[in-house]
Amino acid sequence: MQLGERAGLKPAKRMREVFGDALLDLCRQNPKVVVLDGDLSNSTMSIYVREEFPERFFNLGIAESNLVCVGAGLEACGFIPFIVSFSSFLLCNAYDQLRLAISQSNINAKIVGSHGGITLGKDGATQMGPEDLALVGGFPTFVILVPSDPISMHRAVQAAAEHVGPVFLRSSRVAMPQIYSDDDPTFEIGKTNIVREGSDLTIIACGIMVATAMDAATMLAEEGIHARVVDMHTIRPMDKEAIGAAARETGAIVTAEEHFLHGGMGSNIARIVAETHPVPMRFVGLADVYVDSAEPEELLEKYGLTARDIVEAAHEAVAAKR
Amino acid sequence: MPDRTSDVLTIPELIEKARDLRLDILEMTTRAKSGHPSSCFSAVEIVTALFWGGFLRYRSNEPHWPARDRFILSKGHAAPLLYAALAHAGYFDRQELWRLRQIDSPVQGHPIQDMMPGVEATTGSLGQGLSIGLGHVLGGRLNQLDYRVYVLLGDGECEAGQIWEAAMAASHFKAENLVAIVDYNKYQETGPISREMALEPFARKWRAFGWHVDEVDGHDIQDIIDQLNAVIQIKGKPSVIIAHTVKGKGVSVLEADYTYHGRALTPEQAVKAREEILCS
């Protein structure tokens with residue numbers, strides 16, 4: 001069964017192509033946007049910009065430290081740099097440059113980490129970014145966005161450009177089914193979207209796990225357990241109000257993310273739950289292990305990121321309410 | 001030259017300006033009881049020539065004037081030198097200098113972009129300034145502005161891989177408006193460069209990366225000015241000026257002992273240092 005099929009979601013589109021389209025749209029609208037590439041434009045799909053706006057596109061080669069700082073220099077000249085490469089290469093090779101030139105300088109630069117998480121699949125662990133949210137979480141001035149479907153990707157790219165300040169946006173190689181329709185509420189940084197109502201527990205998810213959570217909520221409903229599903233598309237600033245409401249109104253929370261459990265979305269939600277309204281929680285994510293080369297679907301299955309895993313976590317969380 | 005807000009000084013006036021900057025750096029770091037005075041002193045004549053030798057076009061009352069020439073201090077530990085130069089150039093009141101490293105002061109131990117007017121980049125984790133300078137050059141091209149970008153590098157800093165990433169990229173983009181100046185004072189924190197991590201053959205490395213290279217006596221202001229004028233004529237490639245300098249220049253106790261890297265002088269030492277600077 002395809003991801004999102006159980007929940008009746010519309011068929012999926014590959015997120016990197018969606019991102020490339022969204023970035024090209026933005027460049028057409030805003031002449032101040034420039035794109036910087038670490039020689040991966042045909043994987044991240046920033047190549048669409050290279051083809052239409054070659055003068056605003058810079059390939060700095062396989063040298064991420066230089067890439068990030070050149071972007072900072074362009075920002076100081078009034079441009080909005082979108083610095084696009086693989087999540088792992090940007091954050092791991094250029095962490096210190098992101099720290100000084102972007103975060104501490106608090107400039108209006110946008111970092112796009114493509115191929116975040118594990119769903120790039122067969123290229124294996126060295127190319128994957130299952131630690132990206134924890135790493136960028138070390139930068140207090142950054143907004144962190146993880147779109148969950150094609151429409152939210154388009155809106156996240158727009159929102160990133162409109163926000164004045166550093167933004168990290170995760171893109172992915174895989175396809176994600178459509179959660180939203182064109183007339184759904186606008187994407188607002190720091191404000192989660194409830195994508196399914198329910199009163200027995202809340203599943204808070206980001207990225208590809210939102211569709212997985214929708215499937216899980218459908219399975220739980222067949223058992224008579226009604227789960228609210230929240231799309232936590234903004235990891236920072238975190239929507240404390242929605243988390244508090246979920247805790248108070250549903251009494252149990254399951255988090256689901258394509259990321260290490262250590263330092264990811266769930267652990268940050270847990271801090272807020274502990275401070276506001278403590279309720280039973282369970283966490284779906286990657287344990288402390290590097291994953292293998294395989295098809296994304298095989299990896300999600302093997303490492304516990306399926307709807308069934310969320311259902312099991314929901315059972316435990318609901319049971320712990322009593 | 002209507003855009004030059006500062007007068008171009010004569011050589012005797014420049015020597016006097018360099019002396020004034022040294023005295024202020026000494027005062028700042030002695031009061032702060034910390035800092036890197038010796039790393040500042042080796043680059044005083046370089047910075048003096050840039051600001052008052054007729055090179056940097058800037059408006060101190062409009063720090064973000066788009067057409068300004070850029071001065072990026074990549075060796076961020078020489079922050080007191082940057083602050084002193086900016087104060088003397090009119091970016092802020094000279095009294096601010098005495099708040100270096102004090103609580104609730106914007107005069108940070110290492111520069112943070114725009115925390116003080118005129119500070120172009122956040123530096124101090126070494127190796128990053130040349131890349132930022134290249135970004136300014138590329139931005140100038142897009143904005144059709146013909147300003148120049150001067151980046152002051154430390155010598156030990158040139159051990160960092162990012163310097164050579166930037167060197168390769170600047171050459172690739174034919175960044176002729178980019179001028180790097182290396183303060184080659186021959187010492188890094190733990191000892192002589194030649195012993196700790198040799199840079200030589202240094203000029204050949206830059207040439208191999210496609211740069212125009214000049215070498216100067218980094219304490220001879222006339223020599224610095226002549227070479228800064230010369231590199232303006234270089235087209236189609238970036239330029240680097242390797243400035244041979246003396247760490248701690250002008251204060252005998254600092255010149256004699258490299259372990260003063262990252263150490264301020266005591267008030268008693270500072271009295272003698274002040275006399276030496278005034279008599280130089």
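Below, chains carry the letters A, B, ... as their sequence lines are ordered, and counting in each starts from 1.
- When all heavy atoms of A/Asn59 and B/Phe173 are compared, the pair lying nearest together is O-CZ, 4.0 Å.
- Only the side chain of A/Val34 comes within less than 4.5 Å of a heavy atom of chain B; its backbone N, CA, C and O stay farther away.
- Heavy atoms from other residues, nucleotides or ligands lying under 6.0 Å from CZ of A/Arg14 number more than 12.
- A distance-only check finds no donor-acceptor pair linking the side chain of B/Asp114 to the backbone of A/Ser105 [under 3.5 Å].
- The parts of B/Ala166 that come within reach of chain A are both its backbone and its side chain, each placing non-hydrogen atoms under 4.5 angstrom from that chain.
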**Q.** Step-by-step side chain to side chain contact (heavy atoms under 4.5 Å, CB included) determination, A/Phe58 to B/Leu134
**A.** CA-CA 12 Å; A/Phe58 302 92; B/Leu134 175 58; over 6 Å; no
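- Atom NZ of A/Lys240 has 12 or fewer heavy atoms from other residues, nucleotides or ligands within 6.0 Å.
- Looking at B/Gln113 and A/Gln104, their side chains never bring a donor and an acceptor atom within 3.5 Å of each other.
- Residue B/Arg141 does not touch chain A at all, counting heavy-atom pairs closer than 4.5 Å.
- At a 4.5 Å heavy-atom cutoff, the contact between A/Ile107 and chain B is made by side-chain atoms alone.
- A donor-acceptor pair is defined here as one N or O able to donate and one able to accept, closer than 3.5 Å; such a pair exists between the side chain of B/Glu165 and the backbone of A/Asn66.
- Closest non-hydrogen pair, B/Tyr147 versus A/Cys77, comes out as OH-SG, 3.3 Å.
- Within the 4.5 Å cutoff, the side chain of B/Ile132 has no heavy atoms near those of the A/Val70 side chain.
- Closest approach of B/Ala169 and A/Leu60 over heavy atoms only: CB-CD1, 4.1 Å.
- Each of B/Val149, B/Leu138, B/Leu130, B/Leu145 has some count of heavy-atom pairs under 4.5 Å with chain A, and the biggest count is that of B/Leu138.
- At a 4.5 Å heavy-atom cutoff, the contact between B/Ile112 and chain A is made by side-chain atoms alone.
- Ranked by heavy-atom pairs under 4.5 Å with chain A, the list B/Gln128, B/Met115, B/Met168 is led by B/Gln128.
- Proximity to chain B involves both the backbone and the side chain of A/Leu74, based on heavy atoms less than 4.5 angstrom apart.
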